[in-house]
Structures are given as C-alpha cells and as structure tokens.
Amino acid sequence: MNAPIKDLEQQSIEQRPWIGASVPRPNARRLVEGAAVYIDDIRLPRMLHVCFVRSQYAHAHIKSIDTQAASKAKGVVAIYTGADLMKRVQPMVATLAHFKGMKAASQYCLAVDRVCWQGEPMVAIVANSRHEAEDAAQLVLVDYEELPVVTDMETALDDTAYVIHPELGTNLCFERVVTTDTYDDLSAKADFIVERTFRFPRHTGVCLEGRSVIGDFSSPDGRLTVYISHQAPHMIQDCYSRLLGLSESAVRVICRDVGGSYGIKTHVYGDELATCAISMDLGRPVKFVADRAESFVSDIHSRDHRVLMRMAVNKDGAIKGISFDDRLAIGPYSVYPRTSVVEGNQIVNITGQWYQHESYHANMTNVYTNMAIYSNYRAVGHPVAVGITEGIVDVAARTIGMDPIEFRRKNLLRDNNFPCVTPSGMKFEGMSHEKCLEKIVGMMDLEKLRKEQIELRNKGIYRGIGVISMIEITNPSAMFYGVGGARISAQDGCTIRMEPSGSIVVLNGTGEQGQGTETVFAQIAADAVGVNMSNVRVVGGDTDATPYGGGTWASRAAGVGGEATLQAGLALRENILKLAAVVLETKPELLDIRNGSVFERLTGKDRTTLAELGRIAYFRPDTLGAFQAELCVTRHFVPKDYPFTFTNGSIACHLEVDVETGFIKLLKFWVVEDCGTILNEQLVDEQIRGALVQGIGPTLYEQCLYDERGQMLNGNMADYIVPFPAEMPDIIIGHVSTPTKSSQLGAKGAGEAGTAGAPAAILNALNDALTPFNVELFDMPFTPEKVLRALGRI
Amino acid sequence: MSNINVRFRLNAREVEAQTDPRMHVIDFLRQNFELSSPRVGCEHGVCGACTLRVDGDIVRGCLMLAVQLEGSSVETIEGLNISGEISDLQQAFHERNATQCGFCTAGMLMASQDWLSKAKTCSRSAIREHLSGNYCRCTGYEAIVDAVYKVAIARGISSVKEDA
Amino acid sequence: MKSSSFAYERPTDVQQALASKARWGLSAKYLAGGQSLIPAMNMRFNSSTCLIDLNGIKSLRGIREDGGDLVIGALTRHEEVASSDLVQKKIPLLVQASRYLAHVAIRNRGTFGGSVALAHPDAEWPAACLLLNARMRIASPNGAREVPAPEFFQGLYATALQEDDLLESIAIPVQPPKERSCVLELARRHGDFATAAVMARAQVENGSLKHFAIIFFAVGDLPLCDKELDKSIQQIIDGGDLSQIPDVVKTALMKQNLRADLYSNQKTKLHLCSVLARRAVEKLLEN
C-alpha cells in the first residue's frame, strides 16, 4: 500500500511539496494580462441580445402591456411577455421539506398579471444589440394599477396588513422556534439579564461583473448550452432542464471566469432563465448581461434583520442562557431553489453555540415584503448570529464589570471538550476557541493597545478595541439541502487522468470564481499522484466534462472538492504503481512516485518515469500481457460524519471614533482562523481579507434604502456605498489548525469567516471607544449621523 | 444616427473604424476591436473597471465617447503586455494574489501604473488613496497595496512614513 | 445602461459651437469633460439629440495670468488645475480643493468650466468660485459678458447660463500673498462628494488672522456663505476662544436652507458645518 497522505503537518516537504505551499495561482496569470474570459467576452454566431422592461412599482397589477411600437423599433427581433413565456417555462416554487411549515408562492420567470417588487422583469426585448433592445424597451407601454405595498417587517404580520399572496393567506414565509428543555424565564435563574435590539441592514452583493448568461439552443440537437457566470453549474443544469422541459442530458452548463459572485450567483434568476427559454424559441444564441442599475434591483438582497437579543449571566460571569427574537424581511418570493429562509435558519442553529450555556431559546420569523428578492449571500446568517452573540457578550461583560476577554475565557467552549452537541442541536467535532483567543490577544498586543487607549482618551482621542470569537459552517453534508428535497449536491467528484506524456488532468465539478480552487486542486493532485504541479492541468466549469458536483457555496470547495481530488489522485497513484510493477516485473508495494518518477522505496533508486509508463499503457499495451492499465480514475466525496464542519476563529478590530463628526476610522484588524489543514496559506489569507472587507461594508456603509412605496432610493454606485481602498485597514492574520477527521485532507472551509465576524468586531470596538460617553450603538450601518445622535450632538 | 469614422492609435497601431456616436469607448473597443480587457462594471464612472490610457492619461472609458478618440493614442492592457511596461507589476500582482476574480484587474493595473509612473515617494496610504477610484470586491485591497508597494520600492521610489 | 441615440458635432472654435447650438436648440447639449453628462446619458436621464463636443476648441483650454487674475479656460481639466505650478503659486486654494475632487481618471477628463456650468451642490469649483469672487466669462450670439459668481450660481443645478450661452473662461482674482486658505471635507469615502465641507481663507496681518471668510458646501442647494457670519467668526478669532465658533455657525446657518441627503439630515449637516468651521480656523492658525 502506498503511503496515504495523512497527518500532513507531520510529513516532510519532500513527501508532499505542494499541499500547504503558498504557490501563486497558475490560472491567474491570464487575469493580470487581461485575458480572462467572462460571459460577456463570448461571442457566438447569430447571437442576439436581450434586455428587460422591469417593474417601476413595488406592487401592481399589470393591466396591459403594449409592445406595438417596441416591436417595430430598429434591430428588434422578438418581444416576450410573462404570458408568452408561461407556455415554455415552469413556475418556480422555492420551498424545502425540512423547513417545516414554510410557505411560498409560484414565481414566473417574467411577471404574469402582477409585479411584486420594483425591478421585477416583465418584458424581454430581443434585438441585434443591447443598445437597440434598450431603445425598444423605452417604447413599451405598461398600464399598471398600483397595489398596497408591504415594506415594514414589523407590521407585515398584523391582522390589518395587506397580504401579498392571497393564496398563502399570510405574509409569513417561515418561522422557527428552538427551545431547550432547560429554558425557562431566565430572570429567576440568573443575576443579570441583558437585552439589546440589533439591526442589520438589507444589503446586496455588487459583484463587479453583472449577472451574465448566454442561452444557446441548437434546434437540430435539441440541446441547450448555457454559458453562465455562476457558482453551481450542475444545479443550473438540473433546474433549467426541469423548468424548461428538457432532459437533464440535453442541458450543458459552462462556467468560464466569474467576475465575483459571493453567493449572488448561486440562485436561479427569472431573467436568466427567460433568456434561455427565448433561445429555445428562436433557435439562436441569446445573451443577457445585467447592467449596474438593474443589478441593484434584481440581484438578491440579504440580511435585513431586527433582533432582540438577551443573555442571562451571573455576577461571576457565567452565561446561563441565551434567547433571541429575530425578524427578517425577504422579498415577495422565496428564491429558487435554495429558498429565502436559510439565512434565518442558520441563525437559529448557531447563535451563541460556541459558549457554554444550558438554556437556549431562538425565535425566528421570516416575512415576505415587496422589496427586492432575497436569499443567500456570503456567510449566510453568520454575521447576524456572530453579531448578536458577541455584541451581547460585551454588554454582559460591561454590565457585570468584567473584562470582555476574561468573560470569553470563562465561557467559551473548552478546546479539549469535543466532540459535543450544542443546546441548539449542532454537532461540533473539534474547535480551538481558547487557543485562538490567546493567540489573537498576543498578536495585537492587547495590553499595549489598552494603555494607549487610556492615554489618548485624556487627549480627547477615542479609540476602541473589539475582540470576538466566532464559528462558521463549512463543508455541509446533504443535511443542508438534500434532505429537504433540493437537487443541490453536497457531494463532489473528481476524475484524474494520466496522459501519455505523464502529465495529469484533473476534472473537478466544484468550480472557481477567483478564490483559488483550481490551484488548490492542482496542489492536492500533484501530491496525491506524485508529480510536479506544473504538470497538472485542471478542468472545471463544464457539466459535460466533469463529474457531477455541488459547486461552491458554504465554503465547501477545499474540503469537499479537495477531498474528492485527493482520493482520485491516491487511487490513480495506486493504478500507476500497479502498471509500473507489471512493466518493471516487481511488486507495487515496493515502488512509489515522486516528481513524475517511479522509484524503489527501499533504495530510493529511480526506475522509470510516468511518461514512459504512459507510452507503454496507451501505445504498447501489447507488452503488458493480461494486465489492463486504468489511468483514469474517478472518486467522489461527501461529508458524512457531521452535518456541517464548523471552523472557529477570533477577530479583533481597532478603530478610532471622531466624536465631533461621528466618522469612524478603521485602524487595523487581526484574525486568527482555524480552518483545519491549510492547503495554500496565501489563498486562505486572501479569502479572509476579502471576506472581512465585505463584512465591513454593511457595518459602516452599505444599505439598500427603501421608501414606504418599496422604491429603492440608492440603487446606483454613487449612493450605495461600497468599500474602496482608502478607508480599509490592513489585516494581520494568524492560524491555529484543528484538522477535521471526516476527511483525509482534514481541510475545512475558509471563504466566509471574515464576513461573519467583521460586524461583531466593529460593533464591539465602537462601543468600547464610546464607553466614556456611556452610549452604545447596535443599529447598523454605523453612519456618522447615528454616532452623533447617540452622543447627543444632534 | 449615422456612423462616424474614427482614426486613432490603438496599442501602438494605427486603426480606423466606424461608430455610432453614442458608443462609449469600452463598448467600442470590445465590439469593434474584440479587445476584452476594457470592461464595463457600472457605466457610472465610479467602479474603475473601465480604466484605460488615452494620450498617456488614465481615463474612465465608459465616460468617453468613441468618437472622441479621433487622433488619440489609446492603450489597454493588451498593448502593455506587448511593450512589457508593467511586467514587474503584473508579476507582483500574480505572486501576491492581488487578483482573485480578475474583473477589476485591468483597471487596477492601469491605475497602479499611473501612480507608479508619477510618484516621487511612496507609502501604503498614498497607494490606497490613489487607488480609491478602483473598486475590488474580492481582495479587500491589502494584497493589491502590497504588490504596488513592492514594485514601487523595486523601481526606486523612496518610502516615506505613513500618515498617522 | 446604454445611451439613446444622438448626433455629434465637433466645432473647432467658439463661433462654430454657438452656431451648432443655435441650430439644434434645446435638444442639444455641450459636451465638456463628460464625467457628469455621459453617466446621465448612459442612464437615459438625459436624452439630448445632439452633443456638441467642445474638446476640440483650443481657445477654451489653458490657464493664464491676466492682471490680478488667473483666467482658467472652461475646458481646462481638473488635473491640469491641480498640477499647475501657476495655480499653486497664485490660487493655492484650488490645489487644496483638488485633493478631494473625485479620482485621477475623472480629473483627467472633467473640466473646470463643466463643473461650474453644472453647479452640482456638492462640487468644489462652484464653492471655490464663490469664495474667491470669480467672474464667469460667457460667450453668446449676442456677444460676450461677465457674470460675478454670486449672480452666476442661482440654485440647485441652476446658473445664469441661458440656452444660447457658452461659458468660455473663469477669471479668478489671485489670492493675496499673505493669505492662508484651507479646504476641509468630510466624506464617507475619499473622493466622494462630501457630507459637509468648507473652504476658508484669511490674511495674516502682524501675526494675526484677518478678513476671515468661509463657505459651506455639500449642505445646501448652493454653497452657503454669510458675510455677517464671517465677521462674527473674525471677532471670535480676535478674542481667542475658538470654542464659540460652532454656536455662531449654527445660528447663522439655521436661517439658511440646508439640504438633507440619503444619510444625513439637516441637523447632522448643521452640526458638521459647525465643527468644520472651527477646525478650519484651527487649521489656518497652525504655525
């Protein structure tokens, strides 16, 4: 048996030169040379362009649509309304069985009879160019009859509230209550109950590349090729085939370079689906690229919570219980196929669970509104769960007069007390909260910062420090979607093939959007087989070419896709050695491979090369007797031991508040992340940095602002404020490693933790800065006006 | 409206094309010349993905009309690849992983080179300030600053103390 | 977000430009830097049927000294003003302001005259023109005229420019040699339009600051100034207790129309103005 790759940290660099190395991404070279290929870069013969007339109103009955003038406009080839496409496209109903009691209405790809959010696509104009399509779109006359608009989550469930979908009888999408047996009125049991109301703004993704798709239907073949900027090609294949009435194998999905996604592009969008239906009707390729204005009102939005959070603590600092009431506002439809309830559901599952406590009560209410459609975006639910937990922990510490670090030291789950099951029912395999906390305190030299804070206060300069602990769901099993009936795969497969020249090709369906999955798979494959990474080519993003995969979401690529790659590589190595043994007339267990060379384990002597074995296997099989070489191997992997593989970490924020103007300056961040085995530290750290800045966005700047008529007020790049370089801090990163035993690789995910923890770290740092003024803020984003109001300056 | 003929230098070659006046430079270069590095990110002039060089100055391609290129010299990343002007910067970006999805990268490289070619001194905060016209959603900016700073030092631009 | 169709003309001198405009009338717009006009066209907020491109008119470019003024051609780029040694020497306030003005790529195309003609309430140049007593030189089929800044800027995006006018240049008196000036902007992000901003100037006489003047912008339909307020602040400067400044600023500005934006209401704007005014004085007093 060849030596399996395990205990990677114990292995020498000769044995595994690639896993763990911070190699630059081979496939990023084309990005710096401007040679990336995004969907908009693809031109197909006879390709047409589609743009959409979108609803001006948040809620209205469509009385009539007049496309006469538009259809005569220059360059227009066809126009489709919702009624036209109803005949070709199934409606979407996004519910999942494991979200018990969840209610969702049918959503058509283009609105039929009624529009339910400002920006909902209604009419598709197909023309020779986008310019001409937009010219024609201006000529479409829609007669609307406005309907009452629901925008306030607090009143959406009142008896007097207007019900958006009469057939549902309510604006309630989903509610979930989790209560431990030990829960009761905590005030009888604890010395203090602290309670605060937190607000997290509705915000959106602002991917630099707008959502893009080309639907290319070949009538003679009956085959639809979908070129799409997306994170989950197989999911699109499944959904589109069912919704468009095609067999699964009649749909091929191709993902090329993706210009940012972060969860925005993991869903099925009506306009993209309509584009493909139109291609089927016309028998020609049709391209749709969402421009910036329509992206703001048609990409999914996320967050938008009001949470009443409570914690019961004793004066010795022990947490006795946690309870909260979370209300969130989604759009008018549950987004297909993942639904719009995962965010709230995660919050119920994980809030507070990294602290010792017995009593837990979670109440989550998810309501429909006429604001933009809403679903999973990076760190789904975690920014809220971590925000409310870590926010109330600091409040509790302040209330009892305990240092917030001491409070955490006392209450965090013990590193040596795993595996365990939490009060909310989460199974934790292994975490390192204590280690991470100590490490971050050391890294930031907390004592020095505290001393400096006091000195600066005397000079009227107010700095704050916030240190938080957190967890993050990664590598989900089928418990995430599959059990609910969603055809979203939790498994991944990898095929590795040795070419005649001895190089290897890795076919993996997981996907790459810039996080570095292709690089990491190449590293794993190189070590697993025993070749130089420069002899590894990775193929992905094509449902025709790769094994069936789940795509990237919930930080699963490295842990799940990576493990499938590892197993396939190890299996191929075995097969190569079997072949080598036949060729060299020896036993496989006496041989091994390194750097493309087969060598004798005992003597270290090189005996032959993979290139030579490739020549023989493919071109001289007559010399192998009865032996058949199998140099193309596929393995699959799905996490089985735990429903989710949790990571943990600590994040610290150092900031300064200008108390005269309310402006907040971020000075520095520190992160200690435990994501198990680290496959490429530079890539992991860059994911942490990017994720963290995305978490800063809605904490200080980003918010989708709506008026009471459901009109988005700031749907443009000037008024919707995303972080740019000058205001962003440097981020210092360290690691602890608790590999997961549920895979040989031991890798957990790392892509979302920064987003999950940044809001909490900033919130705590802000309130720490303002302690001399005895004010607190919990309403994000923390705009200068809110800070000034809290300080009583306005 | 009738098309207008535009003659200009594109990446050091004399070229000519007809264009509808309403076409902005990015759509023009992408459609008429099949260049892919000039990109559309917002068409508001805010995100910087469309940053390219006209007559030696960086501009927002989405806010310039193609017809305005008459007699100008336009440079995109495709041209800089040939001349090698930013090969050290591209190398630094690649090594430091200052590019993830890559969509902002062409514009970011253009803006970075503009600063590098004029800077007398360098500091991280100066780099951050200059690049504040370029949006990146993936990297959080630090790796980009690292890469540009490294190249600045290597090119002999002297480092100064950061603003407090 | 593709613009609707329009015709395009590229006059080579001012007379040609005026003639084009006369031919097309209301439906034509002058194209200067395009940094505000093109986004509006892209978003179809503006659907002019003809754009008259002024970028080819050499007489509209350049910065020159003329008597006690600097004369800035309307088509002079922001970055040309920002990097001009002449401007740095004679009207350093403009260079100070340019530090906040968008980003290099925008400044390389955007023009001084374009910004003045648009009169965006949050823009730097209109505020600078008012504080510096600039005079706008306007050409029209009926001849040339000069309009002082206070008359020129009339309201939100409203100026004295008539339909057939073309702003040719802006004459700005040079700052006196003993003058100090500063620009302070509070913006959520570097280069954005400000939440609140001030420009201030004063002259150093016998070691003291005199003739203080301040303008507030990004807080109203127009930049706001008040000669009585200038005098009150001057008195406070003379007296030495700068902590009195915020209150007099608030009292004065409360009489004016402050304009809230998406993130800051009038109270916030008022408060920020009061803080910025005091900080501006502190800055002028430095060294």
Side-chain angles (χ1 to χ4, degrees), chain A residues 22 24-25 28-38 40-41 43 129-131 205-210 257-262 289 291-293 295 513-516 680 682-683 685-694 696-697 716-718 722-731 754, chain B residues 20 22-23 27 30-31 34-49 76-78 80-81 86 89-107 109 124-125 127-146:
Chain A
S22 283
R25 298 164 51 211
R29 186 69 221 179
R30 66 170 182 273
L31 304 181
V32 301
E33 294 196 18
V37 178
Y38 305 95
D40 192 46
D41 297 321
R43 285 172 206 91
S129 69
R130 175 80 188 216
H131 289 73
V206 199
C207 310
L208 198 48
E209 179 208 23
D257 290 313
V258 174
S261 181
Y262 334 109
V289 176
D291 65 32
R292 189 53 53 196
S295 294
Q513 295 84 40
Q515 67 275 70
N680 182 321
Q682 175 161 256
L683 295 184
D685 286 359
E686 290 312 306
Q687 280 299 289
I688 291 171
R689 292 193 172 97
L692 197 146
V693 171
Q694 277 196 346
I696 291 174
N716 63 75
M717 287 298 279
V722 286
F724 274 81
E727 293 73 34
M728 290 302 106
D730 282 345
I731 301 159
Chain B
D20 179 346
R22 63 169 160 171
M23 291 288 267
D27 281 347
R30 289 176 64 78
Q31 286 176 31
E34 295 184 323
L35 290 177
S36 57
S37 84
R39 301 202 174 279
V40 165
C42 74
E43 288 172 311
H44 294 43
V46 176
C47 76
T76 69
I77 293 291
E78 284 87 350
L80 267 48
N81 289 339
I86 56 167
L89 187 59
Q90 287 167 310
Q91 176 82 356
F93 263 56
H94 187 217
E95 278 171 3
R96 185 58 194 84
N97 206 54
T99 177
Q100 289 188 25
C101 82
F103 206 83
C104 77
T105 301
L109 287 169
R124 292 177 71 82
S125 52
I127 295 170
R128 282 184 180 279
E129 196 172 291
H130 184 87
L131 293 182
S132 272
N134 287 76
Y135 175 55
C136 172
R137 195 54 148 172
C138 293
T139 66
Y141 304 110
E142 188 170 338
I144 296 171
V145 176
D146 285 351

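In what follows, every chain begins at residue 1, and chains take the letters A, B, ... in the order their sequences are listed.
- If you take OH on B:Tyr135 and SG on B:Cys104, they are separated by 10.0 Å, rounding to the nearest 0.5 Å.
- Of the two parts of B:Arg96, the backbone and the side chain both hold a non-hydrogen atom closer than 4.5 Å to a non-hydrogen atom of chain A.
- Chain B forms more heavy-atom pairs under 4.5 Å with one residue of A:Glu727, A:Arg130, A:Gln694, A:Arg30 than with any other, namely A:Gln694.
- For A:Val32, the parts sitting under 4.5 Å from any heavy atom of chain B are the backbone and the side chain alike.
- No hydrogens or angles considered: a donor-acceptor pair under 3.5 Å links the side chains of B:Gln90 and B:Asn81.
- Salt-bridge annotation for A:Glu33 and A:Arg29: present, with a side-chain N of the basic residue lying under 4.0 Å from a carboxylate O of the acidic one.
- B:Asn97 touches chain A through backbone and side chain together, each having a heavy atom under 4.5 Å away.
- Looking at A:Leu208, the atoms closer than 4.5 Å to chain B (heavy atoms on both sides) sit in the backbone and in the side chain alike.
- With a threshold of 4.5 angstrom between heavy atoms, B:Asp27 approaches chain A through side-chain atoms but not through N, CA, C or O.
- Looking at A:Leu683 and A:Gln515, their side chains never come closer than 4.5 Å, going by heavy atoms from C-beta outward.
- With chain A as the partner, the residue from B:Gln31, B:Arg124, B:His130 showing the most heavy-atom pairs under 4.5 Å is B:Arg124.
- The most heavy-atom pairs under 4.5 Å with chain A, out of B:Glu43, B:Arg39, B:Gln91, come from B:Arg39.
- Ion pair B:Arg30/A:Asp40 flagged as a salt bridge, since at least one NZ, NE, NH1 or NH2 atom sits closer than 4.0 Å to an Asp/Glu carboxylate oxygen.
- Between chain A and the options B:Ser132, B:Gly133, B:Gly140, the largest number of non-hydrogen pairs under 4.5 Å is found for B:Ser132.
- Rounded to the nearest 0.5 angstrom, B:Glu142 CD and A:Ile731 CD1 are separated by 5.5 Å.
- Heavy atoms closer than 4.5 Å to chain A are found in both the backbone and the side chain of B:His94.
- Annotation: side-chain hydrogen bond (donor to acceptor under 3.5 Å, both in side chains) contacts of A:Asn716 (sequence neighbours excluded): A:Asp719.
- With a 4.5 Å cut-off on non-hydrogen atoms, A:Glu686 touches chain B through its backbone and its side chain both.
- The candidate from A:Pro729, A:Gly516, A:Ala726 with the greatest count of non-hydrogen atom pairs under 4.5 Å with chain B is A:Ala726.
- Counting heavy-atom pairs closer than 4.5 Å to chain A, the top-ranked of the candidates B:Glu95, B:Glu34, B:Arg128 is B:Arg128.
- Under the rule for a side-chain hydrogen bond (donor to acceptor under 3.5 Å, both in side chains), A:Arg292 has no partner lying at least two apart in sequence or in another chain.
- Looking only at heavy-atom pairs under 4.5 Å with chain A, the residue among B:Ser36, B:Pro38, B:Gly45 that has the most is B:Ser36.
- Using a 4.5 Å cut-off between heavy atoms, A:Arg43 contacts chain B through its side chain alone, with no backbone atom that close.
- For A:Val258, the part sitting under 4.5 Å from any heavy atom of chain B is the backbone (N, CA, C, O) and nothing else.
- Note on ring orientation: taking the six-membered ring where Trp is involved, the planes of B:Phe103 and A:Tyr38 are perpendicular (angle over 60°, cut-offs 30° and 60°).
- To the nearest 0.5 Å, atoms CG (B:Leu109) and CG (B:Leu80) are separated by 8.5 Å.
- Annotation: maximal heavy-atom pairing with chain A below 4.5 Å, among B:Ser37, B:Cys42, B:Ala98, B:Ala106, occurs at B:Cys42.
- Proximity to chain A (any heavy atom under 4.5 Å) is shown, for B:Thr99, by both the backbone and the side chain.
- Remark: B:Cys101 SG to B:Arg137 CZ distance equals 11.5 Å, nearest 0.5 Å.
- With a threshold of 4.5 angstrom between heavy atoms, B:Leu131 approaches chain A through its backbone and through its side chain.
- Look at B:Asp146 and A:Arg689 and you find no salt bridge, because none of the NZ, NE, NH1 or NH2 atoms lies under 4.0 Å from a carboxylate O.
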